[in-house]
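These numbers come from the heavy atoms of this one structure, side chains and all, not from hydrogens, waters or symmetry mates. Bear in mind that the values here come from a model prediction, so they are computed numbers and not experimental data. By convention in this document, chain letters (A, B, ...) are assigned in the order of the sequence lines, proteins followed by strands, and residues within each chain are numbered from 1.
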Amino acid sequence: MSEALLEVRGLNVVFSGFHALTDLDFTLRRGELRFLIGPNGAGKTTLIDVITGLTRPASGSVRFDGRELVGRREHRIVRAGVGRTFQTSVVFEELSVVDNLDLAAGFRRPLPALLRRRRGVSDAVAAALDTIGLGDLADRPAGVLSHGQRQWLEIGMLVVQRPRLLLLDEPVAGMSRDERDRTGELLRTVARDHTVLVVEHDMDFLRRFASTVTVLHEGRLLCQGTVAQVQADPRVQEVYLGRAKEAA
Amino acid sequence: MAPAGLAVSAVLLLVVAPLVLSPFRLDLLAKYLCYAIVAVGIALAWGRGGMLTLGQGVFFGLGGYAMGMHLKLAEAGPGKLPDFMSWSGVESLPLLWKPFANPVFTLVMVVLLPVVVAVLLGSLVFRQRVRGAYFAVLSQALAAAFVILLVGQQGLTGGTNGLTNIQHFFGLDLYDDADRRLLYLIVALVLGLAYLGVRQLAASRYGQLLVAIRDGEDRVRFLGYDPALVKTVAFAVSAALAGVAGALFVPVVGLLTPANLGVVASLELLIGVAIGGRYSLAGAVGGALLFNYAKTVFSEELPDSWLYVQGALFVVVMVWAPRGIAGLAGQLRDRWARRGPLRPVSYPAGADRPQEVST
Amino acid sequence: MGALNQLVIGASIGAVLLLAALGLTFTFGQMGVINMAHGEFIMAGAYTAYVLQPLAGGQAVLAALPVAFVVAGLLGLVLERVLIRRFYGRPLDTLLLTFGVSLILQQLARDIFGAPNVQVRAPGWLTGGVDLGGLRIPYNRIFILVLAVGCVVGISWYLARLKQGRRMRAVMQNRQLAAVSGVATERVDQLTFFVGSGLAGLAGVALTLIGPVGPTLGSAYIVDAFLVVVAGGLGQLRGAVIAAFTLGVLNSFVEFWTANGASFAKVVVFAVVIGFLQVRPQGMFVLRSRALS
Ligand SMILES: Nc1ncnc2c1ncn2[C@@H]1O[C@H](COP(=O)(O)OP(=O)(O)O)[C@@H](O)[C@H]1O
Ligand SMILES: [Mg+2]
């Protein structure tokens, strides 16, 4: 068994002439918690899209646990053990929190179980409910949740799928300070027994919760290292500060 | 529907109606119940699954013609040709007809034919993520093509006239009031079974999954399910129900013509569900009964204005009660709640809302 | 020879399909509105020619072209203003709504003009045809072809050159972006609906040249017209043109090659469209967009 869980090699993504990702190589080791940063439009979401089968690359390969993911359909990739969340959370508003989790836990269920009504709460769902701290809201429809709670529910829905790799796209965007802290703790818990890739912008959040960081810029890998190393890198400063100047 | 409501409906349909209705009215009710069986399927596919199927007449027709062919053969007797074939100069029984002499084969085909067509269409179309309005248009095109096919094959299908003059149904004499009452009871029982079965399905995890796919197909994909498969199953179930309904329609009405299953007929199957409430099974059944009753009344009293009424029904329901009669209470509650304290925005269940999960 | 003949027939079926579908590529393509009453706008166009007959005599068809465009366009505009605009984002409900409208319009036509079909006389200069080495092409078919091509050219010019046209295209490609860039999308929608429905009126006039006019004239074409739009790709003029002629020619060849062909033609066309969607699920030409649904 190799060290690497995810190996992205020579990845190119082109959208009608526009190169969103260029010759990207990227590796995730088993058990790692990795942060992926980069200015808007750097290609972070695109990378996740390619890994999860939503976007087809022009060339390159994505190997997960030694198996090629490119060309597989989305639900097959999920079944292979790769789960993701979206930048804008999507939960099923008419279903209760428990039902959302139960649904997410379900693709492994045998057909007869699928054709029956849910009775009680399975252990996995109960555990997830506990992890994300929404026990009190278990039977409320997901439509009433706040933005932060939705993100947690999404993470919970991911965890109950028992994936081996979690891809989280900007999980703390738009959250209050308090919610960010709780999400950070949640990430730590989840990362204990999963390999996790988190897309995040917020430097403060990064300093507190990240160990290894990868920086993307204009579809290319800019640098990789600890938070301190990355922050000290002049190229990273240039990318972020240059942008800041433009914006000003 | 609550168990009490269910029991009351069962008593009304199975005991009261056969006792108090004249044979003529009971026949009409039996016909409406056939449409209600289709409605149960539509409520599953459209209400739960978001698949607006404008071609339900095709499945109704497949089941109906399968049954009709058997009944015509039984009528003609062994070795003889059904009446319309001799009229159109057919001399020997077409190959397609031969196996339908067998009642078991026929009963299997009543379900199997619609299911096969639905699975074929569903898996091809849903797999390619053709959905929403596109799917609706395609299902309608199927209905149009099917009717033209039937009409064109005069010698095989009876053409525009269809299969007429059906007088017996598995030993029942369709000109005998007592036997007709029995036929009515069979139809009512089938409707009851269809209702209970689909209700169970809708309440199951599968039913939840179906609704989840309706509200966010792409999100469900990332939960590890194949939406195409889930939708195809629901579509096939609705097709099977339509097929069974068509098969019962033939003895109840005594004939089946392409006009019973074309584009307009398919839409009529749908409007009842829309009126009653697509999200509610009971609503769908009630709507189908109500709509077809209204159609009978108007066609008798004011035949010329029926199209106006029908057209206006579509407009009124869509504008003022997209969730149908069954959804009116909920709609009023929502309206009232909107005046109350602010709640997090949630989409009305009636809207086929646009989804966007990635930016 | 037979094949060539079928090709000509196919092209003329294609031209009719294209005329019927052109307006839909706008209303369906830009606004996602499935307007089932589009068929009745076609019917309205045809009856316009019939109404003008006593006035314009043999030239009713020519006189009717602009009038039918305006009549059908206005009908569309009213429909959009009164009903459809409440339904944006609910395509399936719109479909059922407009089906109701189409039933009402059909009955209205029946009450006004009577249930039996009526005939519009073709102008004298459209009777007869050209002989091309034994192949006879009737003038009225040529006229329809020219009209269809003229419409396509006119629309392309309009979309590319005129300010309103460019706005229309902008909204078609990205409604939100157009809106924040200061395009009054509501006005554009109205205009789109007017033009799209007006084109149905032209289609109706053209149809009077090849057959009688009745209340259900439009509903006979609407399903095929939608198939053209689906196969061609949403809001894609090129796609609609290619799809219309392909389906038209396919139709005429199947009719020719199979005994009792008309009966199978529609089934074959349907199967081909489904097959085609396996290769190009979003039709021939697609506007790439990032949204998932
Ligand atoms: N489907 C698409 N079509 C065209 N351009 C796209 C598409 N998806 C992404 N892009 C472009 O690719 C670039 C990278 O986008 P994205 O991966 O979303 O960036 P990030 O998530 O890092 O902010 C952006 O410039 C974006 O506009
Ligand atoms: Mg992003």
Over 12 foreign heavy atoms within 6.0 Å of [atom1], [X]:
X	atom1	result
Asp193(A)	CG	yes
Arg220(A)	CZ	no
Arg140(A)	CZ	no

Top of [options] for chain B proximity - count of heavy-atom pairs under 4.5 angstrom:
options	answer
Leu111(A), Thr52(A), Ile48(A)	Thr52(A)
Met157(A), Arg73(A), Arg79(A)	Arg73(A)
Gly83(A), Gly106(A), Pro141(A), Gly53(A)	Gly106(A)

Search all heavy atoms of Ser204(B) against all heavy atoms of Leu115(A) and return the closest pair with its distance.
->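 So the minimum-distance heavy-atom pair works out to CB-O, 3.2 Å.
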Are Arg129(B) and Glu74(A) ion-paired here, with the side-chain N under 4.0 Å from a carboxylate O?
->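 The answer is yes: the pair qualifies as a salt bridge.
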Are Arg76(A) and Asp226(B) within salt-bridge range, i.e. N to O under 4.0 Å?
->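 Salt bridge between Arg76(A) and Asp226(B), a charged N being under 4.0 Å from a carboxylate O: no.
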Residue pair Arg214(B), Glu94(A): steps toward the side-chain contact (heavy atoms from CB on, under 4.5 Å) verdict | CA-CA 11 Å; Arg214(B) 178 193 77 194; Glu94(A) 283 170 37; 3.6 Å; yes
Expected output: side-chain Arg205(B) to main-chain Arg118(A) donor-acceptor under 3.5 Å =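 Checked: no pair found.
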Sidechain-backbone polar pair: Tyr225(B) side chain, Leu103(A) backbone, donor-acceptor under 3.5 Å =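 Looks like yes, one N/O pair under 3.5 Å.
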Check each atom of Leu95(A) against the heavy atoms of chain B and say whether the ones under 4.5 Å are side chain, backbone, both or neither.
->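 Only the side chain of Leu95(A) comes within 4.5 Å of chain B.
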Measuring heavy-atom distances to chain B, does Arg108(A) have an atom under 4.5 Å in its side chain, in its backbone, in both, or in neither?
->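 The answer is neither part of Arg108(A).
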Report the C-alpha distance between Phe222(B) and Leu54(A) in whole Å, list the side-chain angles of each, state the deciding distance to 0.1 Å, and finish with yes or no for side-chain contact (heavy atoms from CB on, under 4.5 Å).
-> CA-CA 10 Å; Phe222(B) 290 99; Leu54(A) 196 56; 4.0 Å; yes
Among Val211(B), Leu223(B), Ile213(B), whose side-chain contact (heavy atoms from CB on, under 4.5 Å) with Phe92(A) holds?
->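 Between Phe92(A) and the candidates, side-chain contact (heavy atoms from CB on, under 4.5 Å) is satisfied uniquely by Leu223(B).
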Part of Leu201(B) lying under 4.5 Å from any heavy atom of chain A |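 Contact with chain A: side chain only.
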4.5 Å side-chain heavy-atom contact, Asp99(A) and Gln208(B) =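 Yes; the side chains approach each other to less than 4.5 Å.
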What's the verdict on side-chain contact (heavy atoms from CB on, under 4.5 Å) for Gln200(B) and Arg117(A), showing C-alpha distance, side-chain angles and the deciding distance?
-> CA-CA 8 Å; Gln200(B) 170 63 27; Arg117(A) 221 179 269 248; 4.2 Å; yes
Can a cation-pi geometry be assigned to Arg219(B) and Phe86(A), taking NZ or CZ under 6.0 Å from the six-membered ring centre and within 45° of the ring axis?
->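 Relative to the ring axis of Phe86(A), which defines the angle, Arg219(B) lies outside at least one limit.
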